[in-house]
Amino acid sequence: MNAKLFVCTTCRAGEPVVEGQPVAGTRLYDTLKATPTPHGLTVMPVECLSACNNGCAVALSAPGRWSYVYGRLAESDAPDILTGAAAYAASADGLVPWRERPAIFRKQSLARIPPQEP
């Protein structure tokens, strides 16, 4: 099953919008897309994750698994985001043991959503 990493490309992370310049969320997405994607993971842009007061936000989701929303992220977090997303993609149910998660996934979780029943 392919896991999806959704990246909010409208997140401004408290920065002013400068005409012609990408906002923080778009820069995070661009950084993630420029990095080799782990097996079993697809990185996808989304317009809004409704986590506007929490800096840049991403969400992890896969059929039959728990889903997560993480916030307060930056471009510099891209390696840890992909490490955590790879562990999520490799899990059977979306529950990665706490100690195996990158620190940003342990401390910056905004929501955990149970899997939908078939």
Side-chain angles (χ1 to χ4, degrees):
M1 246 181 271
N2 198 33
K4 292 188 172 40
L5 175 65
F6 298 98
V7 183
C8 179
T9 57
T10 57
C11 285
R12 293 182 278 188
E15 299 175 0
V17 176
V18 178
E19 187 66 35
Q21 299 294 318
V23 295
T26 298
R27 293 192 314 266
L28 175 59
Y29 172 75
D30 291 343
T31 300
L32 289 166
K33 284 301 287 183
T35 307
T37 304
H39 176 73
L41 183 70
T42 301
V43 179
M44 301 183 68
V46 293
E47 292 256 333
C48 185
L49 288 171
S50 290
C52 302
N53 292 329
N54 291 289
C56 291
V58 301
L60 278 169
S61 182
R65 298 183 199 177
W66 284 83
S67 297
Y68 294 86
V69 179
Y70 299 99
R72 300 178 304 279
L73 302 171
E75 294 167 76
S76 60
D77 294 318
D80 285 339
I81 292 169
L82 290 174
T83 297
Y88 176 87
S91 72
D93 55 8
L95 298 173
V96 177
W98 191 82
R99 292 183 190 270
E100 294 177 22
R101 299 177 201 164
I104 60 169
F105 278 17
R106 283 184 259 152
K107 299 179 182 204
Q108 293 168 219
S109 177
L110 302 178
R112 183 173 96 150
I113 303 154
Q116 290 186 348
E117 296 190 21

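All heavy atoms count here, side chains included; hydrogens, waters and symmetry mates do not. The chain is numbered in sequence order, starting from 1.
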Task: Y70 and F105 aromatic ring geometry - parallel, tilted or perpendicular at 30°/60° bounds - done: parallel

Please give me the minimum heavy-atom distance between [X] and [Y], naming the atom from each residue.
X: A57; Y: C11; result: N-SG, 3.5 Å
X: A62; Y: A3; result: CB-CA, 3.9 Å
X: P22; Y: R27; result: O-NH1, 3.0 Å
X: C48; Y: C8; result: CA-SG, 3.7 Å
X: Q108; Y: R72; result: NE2-O, 2.8 Å
X: V23; Y: V17; result: CG1-CG2, 4.3 Å

Do you reckon [X] sits in the same ILVMFWY cluster as [Y], going by side-chain contacts under 4.5 Å, direct or chained?
X: Y68; Y: L5; value: yes
X: V43; Y: V69; value: no
X: L49; Y: L82; value: no
X: V46; Y: I113; value: no
X: Y29; Y: L110; value: no

Task: side chain to side chain contact (heavy atoms under 4.5 Å, CB included) evaluation trace for L28 with I81 - done: CA-CA 10 Å; L28 175 59; I81 292 169; 3.9 Å; yes

Counting distance only, does the side-chain N/O of [X] pair as donor-acceptor with the main-chain N or O of [Y] below 3.5 Å?
X: Y88; Y: W66; answer: yes
X: T35; Y: T31; answer: yes
X: T9; Y: G25; answer: no
X: R106; Y: R101; answer: yes
X: R65; Y: L60; answer: no
X: T42; Y: K4; answer: no

TODO: Taking atom CZ of R12 as the centre, report whether more than 12 heavy atoms of other residues, nucleotides or ligands fall under 6.0 Å from it.
DONE: no

- [ ] Would you check, one step at a time, whether the test side chain to side chain contact (heavy atoms under 4.5 Å, CB included) holds for L73 with V7?
- [x] CA-CA 10 Å; L73 302 171; V7 183; over 6 Å; no

TODO: Find the distance between OG1 (T83) and CG (D77) and round it off to the nearest 0.5 Å.
DONE: 11.0 Å

